[in-house]
Amino acid sequence: MVDEQQVAQTAVVEEVTIFDRIVKKEIPATIIYEDDKCLAFRDIAPVAKVHFLVIPKDRDGLTGLSKAEDRHADLLGHLMVVAAKVANQEGLGTNGYRIVINEGKEGCQSVYHLHIHVIGGQQLSWPPGV
Ligand code: AMP
């Protein structure tokens with residue numbers, strides 16, 4: 001299994017990310033929701049029974065959450081609403097789930113295209129890896 005913590009140490013901001021390529025359908029992904037602003041697809045290395053990502057189609061400077069500016073408020077709000085809608089669609093609405101945004105090296109971010117992890121389908125533990 002790829003060590004996400006290790007990958008995060010060397011991950012860099014790229015002009016075109018793997019997620020841009022998924023948006024353009026240049027590489028395959030299991031897409032479970034799509035609209036004009038965002039895409040949700042299953043994580044290739046799920047950490048729980050249900051694990052999907054919600055990403056903006058246009059990163060618009062949001063390599064990570066730390067780059068958020070006032071102008072991103074509508075987009076960020078939309079991503080959260082879509083995360084909740086798709087979680088319901090996936091049957092997670094009743095028992096709950098977790099939303100995660102990894103930020104930077106110490107947050108174990110490996111892809112510099114803002115994304116929300118939605119994780120659930122089973123009992124989760126707390127605290128999450130510290
Ligand atoms: P993060 O570590 O927060 O940057 O999360 C990046 C996530 O993207 C990881 O959970 C990876 O498993 C996932 N990932 C990387 N490449 C792909 C891909 N081609 N399709 C789906 N998920 C991917």
Side-chain angles (χ1 to χ4, degrees):
M1 196 173 108
V2 179
D3 182 339
E4 277 294 321
Q5 204 172 321
Q6 242 174 351
V7 172
Q9 302 315 304
T10 51
V12 290
V13 173
E14 299 162 295
E15 189 77 27
V16 177
T17 68
I18 193 157
F19 293 168
D20 285 311
R21 300 188 62 209
I22 288 174
V23 169
K24 288 186 189 145
K25 316 270 164 73
E26 288 172 1
I27 59 170
T30 306
I31 294 169
I32 54 177
Y33 176 88
E34 180 167 13
D35 65 26
D36 57 328
K37 296 187 199 69
C38 72
L39 198 65
F41 53 93
R42 297 201 190 284
D43 196 291
I44 202 166
V47 298
K49 283 186 182 153
V50 178
H51 184 180
F52 63 88
L53 305 174
V54 183
I55 68 166
K57 283 185 168 175
D58 177 1
R59 182 174 67 174
D60 188 23
L62 287 171
T63 50
L65 191 63
S66 63
K67 299 294 187 296
E69 297 175 9
D70 290 343
R71 69 188 174 88
H72 294 121
D74 285 352
L75 176 61
L76 288 169
H78 182 69
L79 295 175
M80 289 296 279
V81 171
V82 166
K85 275 187 189 166
V86 181
N88 287 340
Q89 181 185 301
E90 290 288 304
L92 303 181
T94 306
N95 289 335
Y97 52 91
R98 182 169 297 151
I99 295 287
V100 172
I101 297 177
N102 292 326
E103 170 60 40
K105 276 188 178 35
E106 292 194 352
C108 281
Q109 184 175 5
S110 60
V111 179
Y112 282 84
H113 181 137
L114 181 95
H115 50 284
I116 299 175
H117 293 259
V118 182
I119 297 162
Q122 63 185 77
Q123 181 61 52
L124 303 176
S125 58
W126 189 264
V130 286

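We number each residue from 1, following the sequence as shown.
Looking at R21 and E14, no side-chain N of the basic residue comes within less than 4.0 Å of a carboxylate O on the acidic one, giving no salt bridge.
Side-chain contact check for F52 versus V50: some heavy-atom pair is nearer than 4.5 Å. Put simply, the side chain of Y33 reaches to within 4.5 Å of the side chain of C38, judged on heavy atoms. Side-chain contact between K67 and H72 is absent, with no heavy-atom pair separated by less than 4.5 Å. Looking at heavy atoms from C-beta onward, E4 lies out of side-chain contact with N102 at the 4.5 angstrom threshold.
With rounding to the nearest 0.5 angstrom, the CZ atom of R98 is 12.5 Å from the CG atom of L92. Taking CG of L75 as the start and CG of D58 as the end, the distance is 8.0 Å to the nearest 0.5 Å. Summarising the geometry, atom OH belonging to Y97 is positioned 12.5 Å from atom CD1 belonging to I119; distances are rounded to the nearest 0.5 Å. The CG atom of L76 sits 7.5 Å away from the CD1 atom of I116 when rounded to the nearest 0.5 Å. Rounding to the nearest 0.5 Å gives a distance of 11.5 Å between CG of L79 and CG of L53. Separating the OG atom in S110 from the NZ atom in K105 is a distance of 12.0 Å, to the nearest 0.5 Å.
L114 pairs in a side chain to side chain contact (heavy atoms under 4.5 Å, CB included) with only one of the listed residues (T63, D60, I101), which is I101.
A continuous path of hydrophobic side-chain contacts links I31 to F19 [ILVMFWY only; heavy atoms under 4.5 Å]. Note on I99 and F41: separate hydrophobic clusters, where clusters join Ile, Leu, Val, Met, Phe, Trp and Tyr whose side-chain heavy atoms are under 4.5 Å apart, directly or indirectly. In terms of hydrophobic clustering, with Ile, Leu, Val, Met, Phe, Trp and Tyr side chains grouped at heavy-atom distances under 4.5 Å, V54 and I22 are assigned to different clusters. Hydrophobic clustering, with ILVMFWY side chains joined whenever heavy atoms are under 4.5 angstrom apart, keeps I55 apart from I44.
Between the side chain of Q122 and the main chain of A48, no donor-acceptor pair closer than 3.5 Å is present. Between the side chain of H51 and the main chain of V47, a donor-acceptor pair closer than 3.5 Å is present. Checked by atom type and distance alone, the side chain of D20 pairs as donor or acceptor with a backbone atom of T17 at under 3.5 Å. Distance alone, capped at 3.5 Å, places no donor-acceptor pair between the E69 side chain and the G61 backbone. The backbone N or O of V16 lies less than 3.5 Å from no partner atom in the side chain of R59, so there is not a single donor-acceptor pair.
Residue V118 comes nearest to A83 through the heavy atom pair CG2-CB, 3.9 Å, listed as atom of the first residue, atom of the second, then distance.
Other residues sharing the hydrophobic cluster of V13, ordered by chain and number and joined by side-chain separations under 4.5 Å: Y112.
Within 6.0 Å of atom CD in E106, 12 or fewer heavy atoms from other residues, nucleotides or ligands are found, so the atom counts as exposed in its surroundings. D35 CG: more than 12 foreign heavy atoms inside a 6.0 Å radius.
Aromatic ring centres of H113 and H115: separated by at least 6.0 Å.
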